[in-house]
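Here the structure is a predicted model, which is why all the values come from computation and not from measurement.
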Amino acid sequence: MTKKDMLNKVPAITLLFWLTKLISTGLGESVSDYSSQIFGQQNGTLGELFTVGWSLGLFAIFLTLQFRSERYRPTFYWLSVALLAVFGTFSADTFKSLTGLHYMETTAIFAALMLVSFGLWYRATHDLSIHHITTHTKETYYWLTVAFSFMLGTAAGDWLATARSGGYNVDPTGLNLGFLNTGLILGAVFLGLLAYRAIRRPAMNSVGEIVTFWLAYILTRPVGASFADYFGYDFHNGYLGNQGMSLIWLALFAVCLGVTLVHQSTPTIRQDAVKKVSTK
């Protein structure tokens, strides 16, 4: 398969896209926390290694299928995103633990890495379009940028939510907003960006269109993760827990993916029907 043979490899930017992305981030947060604690608090390291192992392995499989596909296939794309939501959390958290940096510093580093990714992407393709990922080069930079967006979103969300003192997870730079407030505040910014895109309708592939897309894309991570943590830990003293929230997110994700698959197959069914009528 040559580059010219490839069709677009990413989904259309619709409300269903944003809803599925939000749910996938909540899913990733709850599942990663549940998986990490599956062997008990006394075996936290084992749980983390287990979680990294299965999430990274499955992510590699589905991303490989995504790259080998000749066009956008919802199952490959969205499972890659959901698994990256699991693995991306550990990437950001592990980087912080190994370096001893604070959340404000790791947020700045991941933001810089994302800008570098954009620079390399533009240098290689002279195009930052989020609508026409039609070559392996563009697809590689697209997923690299997506990965950095998860890490940036994770670090930024933790920076806003984490307290400076007290509790099991503190940070001297933390803004102490808590899970719920972080989700609500960043959620409002996210909805504001979507409203801007819907009302102002920036020209496709313009600077405004690309910037607002990626800002909203980054925000889906801390918004989804903050609500996942709030309902998993704080809501009614953790009544739902990570296990309960994982099941809820999985069900919601399955519904969104199912709707996406049905929606994608509808045009094909109509085209086949038209062809049958025209041949009669």
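Taking the six-membered ring for Trp, F231 and W249 have ring centres at least 6.0 Å apart. Under the 6.0 Å cut-off for aromatic ring centres, W214 and F118 qualify, their centroids lying closer than that. Between F95 and F110, the gap from one ring centroid to the other is short of 6.0 Å. Under the 6.0 Å cut-off for aromatic ring centres, F50 and F39 qualify, their centroids lying closer than that. For an aromatic pair to be called close, the ring centres must be under 6.0 Å apart, and F213 with Y217 satisfies this. With ring centers used as reference points, F190 lies under 6.0 Å from W18.
Salt bridge D171/K96: present, at least one basic N to carboxylate O contact under 4.0 Å.
Residue I109 holds its CD1 atom at 12.5 Å from CE of M151, rounded to the nearest 0.5 Å.
Between T260 and W78, the side chains place no donor N or O within less than 3.5 Å of an acceptor N or O (distance only, hydrogens not considered). Side-chain N/O atoms of S35 and T51 include a donor and acceptor closer than 3.5 Å.
T20 places a side-chain N or O within 3.5 Å of a backbone atom of L16 that can act as its donor or acceptor partner.
Few gaps surround CG on L98; more than 12 heavy atoms of other groups in view lie less than 6.0 Å from it.
Criterion: ILVMFWY side-chain heavy atoms under 4.5 Å apart, direct or through other members. Under it, L194 and L219 are part of a common hydrophobic cluster.
Taking the ring axis of Y142 as reference, the NZ or CZ atom of K9 does not stay both within 45° of it and closer than 6.0 Å to the ring centre.
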